[in-house]
Amino acid sequence: QVQLAESGGGSVQAGGSLRLSCAASGPTYERNCMGWFRQAPGKEREGVAAAYFGGGGTFYADSVQGRFTISQDNAKNTLYLQMNDLKPEDTAMYYCTADPCLFGVFSVDNVLTFITWGQGTQVTVSS
């Protein structure tokens with residue numbers, strides 16, 4: 001059974017950076033695809049970044065393209081989300097998510113259907 005634990009959230013000013021981490025445990029084949037989604041108060045969940053580690057390919061929401069980068073350290077079983085040039089509209093709870101993903105990822109919205117996610121980490125960006 002896959003378990004995910006996020007960390008690295010916090011409060012920053014606009015233009016700042018944060019790196020979120022997601023420590024993953026459980027069978028590797030159950031997390032071929034991993035990603036991040038976020039949810040702000042009163043808003044729907046939004047896919048932020050998705051990656052298919054079984055065969056390559058990354059996807060980002062238009063709103064974060066060029067500012068956020070998803071990556072993985074296989075040795076540490078850790079997924080990262082590097083967030084640069086943060087904006088107040090990036091304020092949300094960020095969740096790490098994973099899925100066996102037999103056929104890969106085709107869009108960032110796929111992360112909203114992944115079967116496992118963590119407890120979330122809060123990111124607050126002030127202007």
Side-chain angles (χ1 to χ4, degrees):
Q1 182 178 355
V2 174
Q3 293 187 320
L4 306 171
E6 304 94 335
S7 61
S11 297
V12 296
Q13 292 190 327
S17 297
L18 283 174
R19 187 177 77 161
L20 305 185
S21 298
C22 172
S25 62
T28 303
Y29 64 86
E30 292 192 4
R31 39 190 171 98
N32 282 327
C33 291
M34 297 189 74
W36 297 87
F37 69 88
R38 65 188 180 187
Q39 188 166 26
K43 295 188 176 181
E44 295 185 352
R45 295 183 302 160
E46 176 188 19
V48 174
Y52 176 40
F53 297 113
T58 56
F59 299 85
Y60 296 92
D62 290 343
S63 58
V64 308
Q65 182 75 47
R67 300 187 297 122
F68 290 12
T69 303
I70 187 171
S71 63
Q72 178 178 257
D73 184 328
N74 288 329
K76 296 182 179 180
N77 286 314
T78 302
L79 182 75
Y80 300 102
L81 184 67
Q82 178 67 45
M83 306 186 297
N84 298 327
D85 190 24
L86 283 161
K87 303 177 180 181
E89 52 263 40
D90 294 320
T91 296
M93 185 73 80
Y94 283 72
Y95 298 86
C96 173
T97 184
D99 195 274
C101 200
L102 298 178
F103 303 107
V105 175
F106 302 97
S107 78
V108 68
D109 290 338
N110 287 164
V111 300
L112 302 179
T113 65
F114 287 1
I115 63 173
T116 304
W117 57 90
Q119 82 287 352
T121 186
Q122 178 68 39
V123 171
T124 302
V125 185
S126 59
S127 58

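Count residues from 1 along the sequence. We use all heavy atoms of the structure for the numbers below, so side chains are in, but hydrogens, waters and symmetry mates are not.
With sequence neighbours left out, the side-chain hydrogen bond (donor to acceptor under 3.5 Å, both in side chains) criterion links D90 to R38, R67. Under the rule for a side-chain hydrogen bond (donor to acceptor under 3.5 Å, both in side chains), the partners of S17 that lie at least two apart in sequence or sit in another chain are N84.
To the nearest 0.5 Å, atom OG1 of residue T121 and atom CE of residue M93 are 7.5 Å apart. Rounding to the nearest 0.5 Å gives a distance of 9.0 Å between CD of Q13 and OG of S127. Here CE of M34 is found 8.0 Å from CD1 of I70. Values are rounded to the nearest 0.5 Å.
At a threshold of 4.5 Å between non-hydrogen side-chain atoms, the residues W36 and L79 count as touching. Looking only at side-chain heavy atoms (C-beta outward), V64 and M83 stay at 4.5 Å or farther from each other. Side-chain contact between F68 and L86: present, with at least one pair of heavy atoms (C-beta onward) separated by less than 4.5 Å. Side-chain contact check for T116 versus L4: some heavy-atom pair is nearer than 4.5 Å. Between Y60 and T69 there is a side-chain heavy-atom pair separated by less than 4.5 Å. V2 has its side chain out of reach of P100: every pair of non-hydrogen atoms, C-beta onward, lies at least 4.5 Å apart. With a 4.5 Å cut-off on side-chain heavy atoms, Q122 and T91 count as touching.
Between W117 and F37, the angle of the ring planes goes over 60°, which puts this pair in the perpendicular group of the 30/60° scheme.
Note on V105: it clusters hydrophobically with L112, by side-chain heavy-atom contacts below 4.5 Å among ILVMFWY residues. Hydrophobic clustering, with ILVMFWY side chains joined whenever heavy atoms are under 4.5 angstrom apart, keeps V108 apart from Y94.
At least one donor-acceptor pair under 3.5 Å links the side chain of E6 to the backbone N or O of C96.
Shown here for F114 and C33, the closest heavy-atom pair between the two residues is CZ-CB, 3.6 Å. When all heavy atoms of Y52 and C101 are compared, the closest pair comes out as CE1-O, 3.7 Å. Contact between A14 and P88 at its shortest, heavy atoms only, is CB-CD, 4.1 Å. Nearest heavy-atom pair across A61 and E46 is CB-OE2, 4.3 Å.
The number of heavy atoms from other shown groups lying within 6.0 Å of CG (D62) does not exceed 12. Annotation for Q119: atom CD counts as buried by contact number, over 12 foreign heavy atoms lying within 6.0 Å.
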Pair up each side-chain donor or acceptor in residues 18-30 with any protein partner under 3.5 Å, not counting sequence neighbours, and list the distances.
none

